[in-house]
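Here's the structure, in structure tokens; my notes come after.
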Amino acid sequence: MKQTVRKITQAALEKLFQADGIAVSVDDLPKFDISRSKDVKFGDFASNVALVSGKELGIKPRDLAVRIMESMELKSSGISRCEIAGPGFINFFLSPDVWRNNLYLIHSRKEQYGRSSELSGPGILVEFVSANPTGPLHVGHGRGAAVGDSLVRLLRATGSKVDSEYYVNDVGNQMNILGRSLWFRFRELQGEALEFPENHYQGEYMKQLAAEFANSSEAEEIKDLDESAAVRITSRYACQKILEGIQDDLSMFGVTYDRYFSERSLHESGKLSECLNELKKSGKAEEREGALWFFMEDSQDEKDRVLVRATGEPTYFAADVAYHTDKMRRGYDLLVDIWGSDHHGYVPRVKAAIEAFGYSSDKLKVLLVQFVNLIREGQKISMSTRSGEFITLREVLEEVGADAARFFFLTKRCDSHLDFDLDLAKKQSSDNPVYYVQYAHARISSIFRIAQEKGIDADYTDPDLEALGLKEELALMKKLADYPDVLNEAAQVLEPHRVTFYLLELAELFHSYYHDNKVLTEDDRIKKARLYLVEAVRLVIANGLSILGVSAPERM
RNA sequence: GCGCCCGUAGCUCAGUUGGAUAGAGCAACGGACUUCUAAUCCGUAGGUCACAGGUUCGAAUCCUGUCGGGCGUGCCA
């Protein structure tokens with residue numbers, strides 16, 4: 001709908017310029033905005049076009065607004081009238097037919113309403129979580145998972161072709177430490193008295209893994225091996241098992257990936273050394289004091305970075321250069337990475353890397369997800385990964401459920417710190433926003449169920465929408481009409497939380513309406529129209545929840 | 001020290017590519033269930049948008065500085 005208003009405004013501006021012989025191209029003017037009016041007295045939509053253009057053209061905003069309004073072609077546009085208000089806003093009042101017609105659209109498109117069915121957009125790769133396979137996922141990863149997965153759903157819904165990927169750091173020193181940790185725990189089980197190294201993975205899960213390992217065929221194999229050979233085996237074993245555990249946790253959370261991308265494969269395929277050679281050849285990297293350095297001279301990063309250590313081992317950064325280059329070379333138009341905010345210092349480095357390979361750094365968008373504080377009984381729960389004292393994602397899911405957790409993570413912008421209150425997420429009351437939205441869906445479902453049980457005719461085909469004359473009904477219809485714009489704008493700025501807030505607002509309008517107005521009334525005409533309306537609400541709620549990855553229960 | 005993010009009602013947070021009178025939930029207070037689910041609704045109260053300047057028709061939003069919190073600043077990942 002917003003697009004329609006924009007087109008009409010744009011056309012009016014062009015027509016006006018032509019009539020006046022103004023030699024300014026509309027494209028050269030500052031971008032104007034079409035926004036949803038906050039207050040009904042300002043109409044349905046408002047434009048600041050006269051305000052932003054007036055200065056450029058040397059015309060008083062209000063005068064310009066009048067001229068624009070006069071050249072608008074409103075016939076069959078759905079706009080019933082316009083007004084000029086304040087310093088020069090143009091307010092658009094839409095005919096009620098627009099909202100009613102939109103209701104028909106919702107019913108004809110059903111779960112496709114608001115979505116773009118043709119995947120015409122650019123190819124996007126969203127990489128998220130990518131936690132090291134050295135231990136179970138914790139709550140912070142859960143936030144990244146919720147944001148990433150919902151973003152993928154959102155981008156797909158709005159017509160982009162999207163792949164999702166998890167980058168697995170399955171080589172390097174930490175894999176060695178992981179393998180050693182298992183090796184130590186395993187030998188402890190065999191009765192050896194050992195001092196467990198402090199900087200190794202101390203968590204309880206390593207002991208369980210060791211017990212599992214003891215029953216495996218690999219356990220026999222390593223008995224006669226020296227440490228480095230044994231650790232190679234325990235390392236691979238631990239990595240694989242832990243990764244499987246992570247996948248289980250994610251699937252419990254409703255998160256799946258198109259691909260798990262192994263860092264090891266970059267080493268083994270030779271892609272990593274290829275990249276380094278290219279950098280050397282192009283003069284972007286050079287050996288110095290035995291190490292290979294990446295030059296950051298033209299980039300935002302503050303100093304040069306090591307790619308290959310003096311020991312000959314490539315750094316994590318080298319692998320990431322190769323990984324991001326590989327992603328670009330696979331032909332994606334946009335890479336979205338979702339990282340914990342503690343990695344923010346890394347952004348300029350990776351952007352510099354893709355630029356070194358000839359891609360614009362705009363092709364990489366990094367969303368930084370802030371930390372999560374877990375709160376129980378009003379107290380912050382402290383966590384530390386190394387010591388193994390942390391609450392896992394799985395524990396949270398078992399305690400509060402995937403729906404509540406996902407919804408909660410998506411009620412905040414990702415760059416703000418988040419307090420996750422376990423007691424609140426568990427509460428089955430209005431305190432807990434997820435139920436508020438789900439309950440609206442359940443209530444509507446229940447109307448149809450009750451009708452069937454009581455033998456009430458709930459057929460809503462060919463309704464007379466003139467029967468929807470209440471202002472609450474109009475408000476609901478307008479809200480439903482906003483949905484496609486909400487999806488598109490959220491997708492454009494990569495902010496799935498906007499969908500959450502939209503759903504809360506829609507649910508609020510519905511609950512209030514439901515409370516005051518009976519749907520299954522005696523009056524057949526009204527009943528039919530209201531059934532038609534609430535079914536549209538139900539469709540949009542189910543639709544929006546599916547983008548958040550939250551279920552839409554039919555009864556609660 | 002330098003860099004990035006954040007600071008909005010008692011609490012948790014929206015609103016930030018400049019727009020009209022800064023919003024919601026919770027908590028507080030007062031009301032509504034013989035009704036399609038009260039996991040709901042209605043009302044009251046609550047603000048120096050951290051602070052100080054600047055930019056302009058207009059600033060929570062942009063710029064500069066200050067204060068406070070988080071994170072980063074490795075030949076760690």
Touch check for A:D415, heavy atoms < 4.0 angstrom, all strands: base, sugar-phosphate only, or nothing? sugar-phosphate
Let me see the working for A:E489 and A:K2 under salt bridge (charged side-chain N to carboxylate O under 4.0 Å, His left out), right down to the final yes or no. CA-CA 11 Å; A:E489 283 162 21; A:K2 199 175 268 188; 2.8 Å; yes
Once you apply a heavy-atom cut-off of 4.0 Å, does A:H497 come out as touching a base, just sugar-phosphate, or nothing? sugar-phosphate
Pi stacking test for A:F42 and B:A20: under 5.5 Å apart, planes under 30°: yes
Expected output: side-chain A:R305 to main-chain A:A318 donor-acceptor under 3.5 Å: no
Distance in Å, A:N488 CG paired with A:Q3 CD, rounded so as to fall on 0.5 Å steps: 8.0 Å
Report yes if a side-chain nitrogen or oxygen of A:Y346 is closer than 4.0 Å to either non-bridging phosphate oxygen (OP1 or OP2) of B:G74; otherwise report no. no
Assess whether salt bridge (charged side-chain N to carboxylate O under 4.0 Å, His left out) is satisfied between A:D523 and A:R525, documenting all intermediate values. CA-CA 6 Å; A:D523 184 326; A:R525 175 171 163 272; 5.3 Å; no
Identify whether a stacking contact exists between A:Y514 and B:C36, where the ring centres must be under 5.5 Å apart and the planes under 30° apart. yes
Please state whether the phosphate of B:C42, meaning OP1 or OP2, lies under 4.0 angstrom from any side-chain nitrogen or oxygen of A:S512. yes
Check the orientation of A:W339 and A:H324. Use parallel for under 30°, tilted for 30 to 60°, and perpendicular for over 60°. perpendicular
Within less than 4.0 Å of OP1 or OP2 of B:A24, is there a side-chain N or O belonging to A:T411? no
Could you tell me if A:Q174 and A:N132 have a donor-acceptor pair between their side chains, going purely by distance under 3.5 Å? yes
In whole angstroms, how far is the P atom of B:U73 from the NE2 atom of A:H344? 8 Å
Any side-chain N or O of A:R555 below 4.0 angstrom from OP1/OP2 of B:A39? no
When you measure from the side chain of A:T315, which nucleotide among B:C36, B:A14, B:C75 comes out closest? B:C75
Need to verify one output field. Residue with the more 5' nearest nucleotide on RNA chain B, A:R288 or A:R498? A:R498
Can you identify which nucleotide, out of B:A77, B:G19, B:A14, has its nearest atom closest to the A:P87 side chain? B:G19
Here's a test of your reading of the structure: between A:P61 and A:D419, which maps to the more 5' nucleotide of RNA chain B? A:D419
Can you tell me if A:F89 is stacked onto the base of B:A20, using a 5.5 Å centroid cut-off and an angle below 30°? yes
Can you label the angle between the A:F420 ring and the A:F408 ring as parallel, tilted or perpendicular, going by 30° and 60°? tilted
Indicate, with a heavy-atom threshold strictly under 4.0 Å, whether A:K518 touches base, sugar-phosphate, or nothing. base
Is the distance from OP1 or OP2 of B:C57 to the nearest side-chain N or O of A:R62 less than 4.0 Å? no
For A:N91, answer base if it contacts any base atom (sugar-phosphate contacts may also be present), sugar-phosphate if it contacts only those atoms, and nothing otherwise; contact means non-hydrogen atoms under 4.0 Å. base
Would you classify A:N517 as touching base, sugar-phosphate or nothing, given that sugar-phosphate means primed atoms plus P, OP1 and OP2, and contacts are heavy atoms under 4.0 Å? base
Could you check whether A:A451 gets within reach of a base, just the sugar-phosphate, or nothing at all, counting any heavy atom under 4.0 Å? nothing
Within the structure shown, what part of the strands sits under 4.0 Å from A:Q438 by heavy-atom distance: base, sugar-phosphate, or nothing? nothing
Sugar-phosphate, base or nothing in reach of A:S446, heavy atoms under 4.0 Å: base
Below the 4.0 Å mark, does B:A20 have OP1 or OP2 next to a side-chain nitrogen or oxygen of A:K38? yes
With sugar-phosphate meaning primed atoms plus P, OP1 and OP2, does A:T134 contact a base, only sugar-phosphate, or nothing at under 4.0 Å between heavy atoms? nothing
When all nucleic acid strands are considered with a 4.0 Å heavy-atom cut-off, which category describes A:I450: base, sugar-phosphate, or nothing? sugar-phosphate
Base-paired stems in RNA chain B, each at least three Watson-Crick or G-U pairs under 3.5 Å: B:1-7 with B:67-73, B:10-13 with B:23-26, B:28-32 with B:40-44, B:50-54 with B:62-66
Flag the pair A:F89 / A:F42 as yes when their ring centroid distance falls below 6.0 Å, and as no otherwise. no
Does OP1 or OP2 of B:A77 have a side-chain N or O of A:R309 closer than 4.0 Å? yes
Closest of B:A20, B:U40, B:C75 to the A:H515 side chain is B:U40
I need the CG-P distance between A:D33 and B:U16, as an integer number of Å. 10 Å
